[in-house]
Structures are given as structure tokens and as C-alpha cells.
Number of protein chains: 2
Amino acid sequence: MLDRQVDAAHMAVERHHEVMLEHLCFAEDGAGACRDARAVLRRRDIAHRHGAADIVCHVSRRPTVSDVAELAGVHRSTAARALNPTTSGLLKRETVARVLEAAQRLQYTPNTIARGLRTNRSSTIGALIPDLTNPLFPPILRGIEEAIMPLGYTALIVNTDNDPERETANFHALLARQVDGLIVATARQHDPMLDEAQRRGVAVVLVNRGTGSRTFPLVAGDDREGVRDAVAHLVGLGHRHIAHLAGPSGVSTAAVRASAFREAVAEHGLAPEATPVVECHGYTEQGGADAMQQVMDARQGATAVLAGNDLIALGAMRAVQARELRCPQDVSVVGFNDMRFADALSPALTTVRVPHRLLGIEAARLLLERIDAPDTPPKTLLLQCELVVRDSTAPPT
Amino acid sequence: MLDRQVDAAHMAVERHHEVMLEHLCFAEDGAGACRDARAVLRRRDIAHRHGAADIVCHVSRRPTVSDVAELAGVHRSTAARALNPTTSGLLKRETVARVLEAAQRLQYTPNTIARGLRTNRSSTIGALIPDLTNPLFPPILRGIEEAIMPLGYTALIVNTDNDPERETANFHALLARQVDGLIVATARQHDPMLDEAQRRGVAVVLVNRGTGSRTFPLVAGDDREGVRDAVAHLVGLGHRHIAHLAGPSGVSTAAVRASAFREAVAEHGLAPEATPVVECHGYTEQGGADAMQQVMDARQGATAVLAGNDLIALGAMRAVQARELRCPQDVSVVGFNDMRFADALSPALTTVRVPHRLLGIEAARLLLERIDAPDTPPKTLLLQCELVVRDSTAPPT
DNA sequence: ATGAAAGCGCTAACAA
DNA sequence: TTGTTAGCGCTTTCAT
């Protein structure tokens with residue numbers, strides 16, 4: 001039909017097609033009356049004038065394998081086999097061609113949902129993200145997408161706003177959609193949602209943030225190493241009073257970075273009094289600004305701060321500038337993550353780059369592995385970080 | 001098992017439960033052998049030691065309505081009715097209670113996919129986004145989510161990278177998942193994907209970017225007004241040579257803003273030679289930097305530029321600084337969007353704020369409307385923009 | 001107020 | 001190589 005051969009056989013099939021489409025209309029209006037009102041509402045009656053015959057046919061619903069089969073003159077299952085690359089080898093070439101052509105004509109697209117019901121797989125994974133507007137997460141999602149799309153998977157992405165209630169609601173929404181697995185960027189040290197996931201036997205991979213236990217695979221940056229590099233950089237510049245503006249407790253990255261900070265400064269022989277750790281109430285600009293106020297109010301002023309992440313660093317720099325102090329001349333600031341625009345801030349932020357896109361890619365890979373083999377012991381993958389020195393750090397004056 | 005009350009009735013139910021679970025195991029290993037290998041692989045055999053009875057039961061698959069019904073001692077359809085708030089009114093209170101309790105005990109979650117197959121709705125919408133790492137889009141997605149989640153919808157989000165091939169592939173992946181509708185932020189003036197969507201009768205709402213025709217509803221910022229305000233601001237500061245760094249052609253926002261720019265400068269009596277429009281090759285920093293070079297190379301230097309968006313503005317400011325010129329003293333720069341961190345750039349960017357989150361909310365509302373009533377004529381909704389004056393604009397020197 | 005039964009679109013074991 | 005058949009989990013009409 002694609003190549004317009006004009007022979008009897010062709011004409012016959014052509015007629016068959018029209019009849020079938022008419023049949024579909026009847027099915028819709030007659031026997032199909034059992035469909036619910038919605039379906040009827042959704043139907044769009046697109047009229048095609050068909051050549052000389054001048055027959056108007058209503059394309060009233062999505063074509064199914066059965067429609068394709070009928071048009072191709074084969075059985076439903078044969079059509080299904082032809083449409084599936086893995087099974088199409090079992091069929092005669094000519095049959096496959098005929099079915100494929102029919103599918104094309106009808107603009108057939110398989111119904112993944114129906115397939116999923118049968119095969120018990122949705123080819124969909126869920127991604128739980130604390131906050132999409134935090135520039136840290138989009139690259140992770142890009143990585144995830146990059147890894148899964150070639151394999152026919154799609155990601156359902158949900159925000160949790162660090163709100164346990166939203167988190168559970170979203171979690172259940174994802175489960176109800178039969179996701180094959182979950183990538184979780186919202187993990188807390190003690191996380192009831194993850195306990196439930198464990199109980200239910202859902203495949204889960206954590207990204208960026210971990211939990212207290214080793215229950216799930218985790219892909220994260222090697223924060224410990226990153227902190228060590230950052231502290232070495234500051235000490236190398238001559239700083240002896242360094243504060244750490246830690247992320248909120250309960251989040252693993254905050255805990256790891258804080259503990260790594262204490263270790264690192266100790267290694268350089270700095271006393272705890274000269275290296276205070278202040279907890280921010282969130283991985284936010286405001287959190288950073290508030291914490292920085294405290295540091296500046298303290299008796300023994302720090303000449304440098306290591307922020308728990310770039311947003312905290314930004315808040316800290318603003319707090320510094322608000323007091324008519326200058327960064328880096330009066331206070332050096334180091335961030336964490338190297339989020340987008342870290343290099344466009346004023347001053348350009350010295351920070352520890354975490355390979356977020358790669359985090360996403362590896363997490364997705366691990367998840368797909370786990371979906372196929374749920375009982376392999378959970379791996380932890382720490383990806384290398386890199387200190388990026390820009391303009392927010394300088395020797396103390 | 002949850003509340004350890006020890007009375008006869010409870011025990012009875014308890015036994016029933018165990019029997020049922022055992023039954024499930026048998027079904028899995030015996031008659032259930034027709035399940036495919038995957039399903040067997042996925043099953044997790046969690047062993048519970050149950051008190052004194054010491055019975056080990058295997059929770060081998062997700063509970064279904066049938067399981068709930070069996071445990072509650074009612075028919076499948078009764079259980080389904082009880083579980084559905086709209087139909088539970090038809091049942092005796094006590095029956096409903098019994099079913100609900102059974103559901104709770106089994107940790108039952110409905111299978112949205114199976115429901116969708118039956119009802120022809122997936123309660124899922126698709127969102128096509130050019131690039132998630134462009135800070136313009138996350139707030140739109142947040143808005144969408146905010147509007148749809150309370151109604152039980154979830155969003156499948158895909159990136160297209162402005163690549164038509166990826167776009168079509170993703171489009172079909174979404175269709176295959178039976179999305180109820182699509183929110184499209186990737187529209188081009190002439191867009192084959194949208195033509196196909198039109199042919200297939202998919203519910204679509206455009207957000208931020210429109211097309212040449214009025215086929216689909218559109219929610220966008222009132223760019224024309226925003227541009228007018230920006231130009232008035234620059235003229236008010238005394239600028240008489242203003243360049244526009246336009247977005248890439250083919251994208252509606254670029255065309256609208258450019259045309260609005262020409263209108264606005266004409267209204268202020270500025271000659272076309274004094275108000276050149278340079279097209280950037282992308283809504284990117286690099287695009288902005290390259291275009292700014294051209295402007296600075298031109299004979300008649302501009303004292304101010306209106307950028308097509310904030311990324312272009314950022315690129316422009318960098319190009320200015322790279323030539324040892326200063327912004328705003330030598331060149332004033334105005335952006336568009338007021339993306340996140342626009343206020344943290346150096347200098348803080350004067351820009352036109354577009355209410356992105358609201359765009360998302362309204363687009364989602366419109367889409368839900370359209371899903372229920374596909375034949376209403378498409379509306380266009382332009383939301384008000386607001387000029388935010390910061391430090392990147394000043395009188396010419 | 002509840003049960004019986006059919007069917008959404010697809011796949012896969014079995015049969016021919 | 002292809003057809004037959006059953007069933008995934010859910011909803012919904014019809015019957016009781």
C-alpha cells in the first residue's frame with residue numbers, strides 16, 4: 001500500500017480497510033455502548049474523505065493489535081509477534097511486512113499499559129527528588145534519563161519538598177503506577193518510606209544521599225575526599241580558623257561532610273575551637289546566611305568557611321557582604337557541588353565539583369541491574385569529586 | 001497481626017489470613033507456573049515467623065482486590081466498590097469497614113495501570129521540556145505538579161534537548177503509556193510533532209512557547225508587555241542606542257519578543273539603525289556572548305542591550321567584561337524571565353519576571369479541562385510580567 | 001446490598 | 001509458521 005501498485009489484490013485490501021474502519025464505528029456506537037461516558041467524550045471524530053469512493057470514516061479510538069491484525073488479515077497473536085522485534089523472527093518475512101505496513105497505516109502505537117499488565121513490568125521507574133528547583137538535581141535527572149531511555153524506560157519524577165507527608169503520598173502514587181523501581185534522592189538517616197519499600201520488596205537505588213544502614217545500593221560523590229581537598233586548599237592558603245556551615249542533620253551528606261571536616265582539620269593540627277561546625281536549618285541560601293551570622297558573631301572569627309553546599313555558600317557570601325565585609329579578602333568561602341551558575345556568582349565560587357550527571361547514570365544502571373536481579377548484595381558507588389578553585393578563596397589578610 | 005489483640009474472632013481472621021497467604025504461594029508455584037520467568041525473578045520471599053504458631057508465610061506478590069476480597073470474605077466486585085470512595089456508599093458500612101481493614105492488613109495499593117486499562121484513563125500526563133537544567137523550567141514543572149497531584153494525576157517528564165528526533169521518540173513513549181494529555185514547552189513555529197498530536201486527537205496545552213497557529217491552548221507570559229516595560233526603562237535612563245539579542249528563530253518567544261522590541265523602540269522614536277536586532281544561535285550563555293561580540297564590533301556601539309532571556313544576558317555580561325568594559329557603566333543589560341540566581345549574578349540582573357510557576361499551574365488546569373471537554377475552543381492565556389530593576393542597568397555615561 | 005460475568009489490550013504457553 | 005486460549009487486575013453492567 002505504501003508503494004502504490006494498482007492491482008486487484010491491492011484494491012481488495014483497500015476495501016477491507018474501509019470496511020474495517022466502518023466496523024469500528026459501529027462497534028463504538030452499537031456494542032461499544034458499554035464503554036463509559038469518558039471514553040465517548042474523549043473520542044475525536046476526524047473525517048477523512050477517501051479518494052473517489054468518497055467514504056467518510058470516523059477514526060474513533062486508538063487502533064489495537066486486533067485492528068492491525070484484521071487489516072493485515074492475520075490473527076491477533078501473529079500481529080503481536082510481528083510487532084515485537086524479539087519474536088518477529090518466528091514469522092515469515094512477508095507476514096511481518098504485511099503487519100508492519102498495516103500498523104503504519106493505522107498509526108498504531110502499542111499500549112504499554114496493557115503490556116505491563118500482562119508482563120508485570122511497566123518499563124517505568126520513579127524518581128523521588130527533594131526539590132527540582134535546586135540546581136543540583138536536574139543534572140542527576142538528565143543522567144537518569146540518558147541511561148534509561150535507550151532501554152525503553154521512562155521516569156516518573158516527583159518532588160517531595162523534604163516533606164515526609166508529600167513523600168509518602170508520592171511514593172504510593174508511584175507504587176500504584178507499578179513502577180519497576182525507584183531512584184531516591186530524598187533519603188534521610190532514618191526513613192520510614194524506605195523501610196516500607198524494603199518490606200514491599202521494591203527495587204530501590206539511592207542517589208546522592210544515603211541512609212544509616214547499607215540496605216540499598218547508593219551512588220554518591222566521594223564527599224569525604226572532597227572535603228579533605230577543600231580543607232587542604234584553605235590550610236594551604238594560610239587559614240587557621242575555619243568554620244563549617246553544615247547541612248541539616250538527618251541528611252547523610254550533611255553528616256558525612258561534617259565528620260570529614262572534623263577529621264581533615266584535625267589532620268592539619270587545627271584545634272576544635274578554631275574549627276567550629278554550625279548546623280544550617282536547611283540546604284538553602286537562608287540557612288547559610290543565618291549560620292554565617294552566627295560564625296561572624298562568635299568571639300573567635302573564622303577567616304574561612306567551608307559550606308555544606310553551594311546554596312549555603314551563596315547565603316554565607318551574602319551575609320558577609322551585608323556586613324560590609326568582603327569575600328575573599330575578609331572571609332574565604334568554599335562551596336560544595338559546583339551547581340550551575342556557581343561560576344557566575346560574585347565572586348565566582350570555589351567549590352567541590354560532584355559529577356551529578358554521572359551520579360544519575362550510574363544510579364539508573366544499578367537500578368536496572370537490580371530490577372533484573374533483586375537479590376544481589378547492594379553496592380555503594382562513590383564517584384570522585386574535584387576541587388574547582390575560583391575567586392571566593394584567598395589567603396587571609 | 002498489626003494490633004496484637006488476643007480474642008477468638010481475631011484469631012479466626014488471623015488463620016484465614018495465613019491460609020490465604022499459603023494459598024497464594026501454592027498459586028505461585030503450582031497453577032501460577034504460567035507466569036513468566038521475570039515475575040518469578042521479581043518475587044521476594046520474605047519469611048515471617050508468626051508467634052507461637054510458627055507458620056512461615058511467603059509474601060510473594062502484590063496483593064490484589066481479589067486477595068483483599070478473600071480476606072474480607074466478600075466478592076471481588078464488592079471489595080472494589082468498597083475501595084472506591086464514589087461507590088462505597090452503595091455498601092453496608094460494616095462491609096466497607098471489613099474490606100478496608102483487610103486492605104490495610106495486606107498493605108493493598110490499587111493497580112492504577114489495570115484500572116487505566118479498564119477505564120481508558122491513566123491519570124498520568126506527559127510534560128515535554130526542552131532542557132531541565134535550564135532554570136526556567138523547574139518552576140513550571142513545580143506548578144504543574146502542584147495543580148495535578150491533588151487530583152490524583154502524575155506527570156511523566158521528558159527532555160527533548162531541542163532535538164526533533166528525541167522529541168518524536170519521547171512523544172511516542174508518552175503516547176504508548178496512554179497519557180491522558182500533554183503539556184508541551186517545546187513548541188516551534190512549525191512543529192510536526194504537534195501536527196501528529198492534532199491528528200491523533202491527543203489533548204495538548206502549550207506552555208511558554210506557542211506555535212504559528214491557534215490550534216492548541218497556550219499559557220505564556222505577556223512578553224509584549226514585558227518588552228515594552230524593559231524598553232521604557234532603558235529609554236527612561238537615557239539610552240538611545242539599544243540592541244536586542246534575540247532568541248533563536250523558530251521559537252515563538254524569540255519572534256514575539258523581537259517584534260515587540262521593534263514596536264517599542266519605534267514608539268520611542270528610535271531609528272532602526274540605532275536599535276539593531278541580533279539573533280543568537282540558542283537561548284544559551286554562549287549564544288548571548290557571541291551575539292554581544294557582534295554588537296560591540298558594530299560601528300555604532302549600543303549603550304544598552306535587551307537580551308532574549310537571562311542566559312543570553314549572562315553571556316552578554318561576560319562578553320562585556322571580557323573586553324574590560326563594565327556593566328552597567330559602559331553597557332546596560334536587561335534579561336528576561338528572572339530565573340533563579342538572576343539576583344546573584346554580578347551585577348545583579350535587571351530582568352523581566354515571568355511567573356513560571358503560575359504558568360505551570362494554569363497550563364495544568366487548562367489541560368485537565370481539555371481532557372474532560374476536548375472540543376472547547378482553545379484559549380490563550382497571557383500572564384502578566386513585571387520588570388525587576390537591579391544593578392545591571394544605569395544611565396549611559 | 002451483593003454476586004456473576006464480561007472485557008479493557010496485550011502476551012505467551014500450548015496446540016496444530 | 002500460525003492460531004487458540006487464557007488471564008494480568010480492575011471496573012461495571014446486569015441480575016439477584
Problem - Side chain of A:Arg115 (C-beta onward), nearest among D:dC10, C:dC10, C:dT2 - result: C:dC10

Problem - 5′-ward residue of the pair B:Thr95/B:Ala114 relative to DNA chain C - result: B:Thr95

Problem - Side-chain heavy-atom pair B:Phe216, B:Val184 within 4.5 angstrom cut-off - result: no

Exercise for the section: Take the protein atom CZ of B:Arg98 and the nucleotide atom P of C:dA1, then report the distance between them rounded to whole Å. Expected result: 15 Å

Exercise for the section: Show your working on salt bridge (charged side-chain N to carboxylate O under 4.0 Å, His left out) between A:Arg105 and A:Glu101 and close with a plain yes or no. Expected result: CA-CA 6 Å; A:Arg105 282 172 63 94; A:Glu101 197 192 300; 5.3 Å; no

Exercise for the section: Take atom CZ of B:Arg76 and atom P of C:dG7, then tell me their distance rounded to the nearest Å. Expected result: 14 Å

Problem - Short side-chain N/O contact to C:dC10 OP1/OP2 from A:Ser66, under 4.0 Å - result: no

Problem - Between C1' of D:dG9 and NE2 of B:His75, the distance in whole Å - result: 14 Å

Practice task
State plainly whether the residues B:Glu196 and B:Arg200 are in salt-bridge range, i.e. N to O under 4.0 Å.
Solution key: yes

Practice task
Round to a whole Å and report the spacing from CG of A:Leu117 to C1' of C:dG7.
Solution key: 12 Å

Exercise for the section: Give a yes/no on whether any side-chain N or O of A:Ser77 is located under 4.0 angstrom from OP1 or OP2 of C:dC10. Expected result: no

Handout entry: Carboxylate-amine/guanidinium proximity below 4.0 Å for B:Arg121 and B:Asp372
Key = yes

Exercise for the section: Report the distance from atom CG of A:Leu91 to atom C1' of D:dT2, rounded to the nearest whole Å. Expected result: 7 Å

Handout entry: Quiz item: A:Arg81 side-chain donor-acceptor pair to D:dG3 base, under 3.5 Å
Key = yes

Exercise for the section: Using a 4.0 Å heavy-atom cut-off across all strands, classify B:Thr87 as base, sugar-phosphate, or nothing. Expected result: nothing

Problem - Nearest-angstrom distance from the residue atom CG of B:Leu106 to C1' of D:dG9 - result: 15 Å

Practice task
Select one nucleotide: of D:dG7, C:dC8, C:dT2, the one nearest the side-chain heavy atoms of A:Arg118.
Solution key: D:dG7

Practice task
Name all residues meeting the side-chain hydrogen bond (donor to acceptor under 3.5 Å, both in side chains) criterion together with B:Asn170; count only those two or more places apart in sequence or in a different chain, and write none if there are none.
Solution key: none

Exercise for the section: Ignoring the backbone of A:Thr119, work out which of D:dT11, C:dT11, D:dG3 is nearest its side chain. Expected result: C:dT11

Handout entry: Nearest-angstrom distance from the residue atom CG of A:Asn84 to P of C:dA12
Key = 7 Å

Practice task
Please state how far atom CD1 in A:Ile113 lies from atom P in C:dT11, giving the value in whole angstrom units.
Solution key: 13 Å

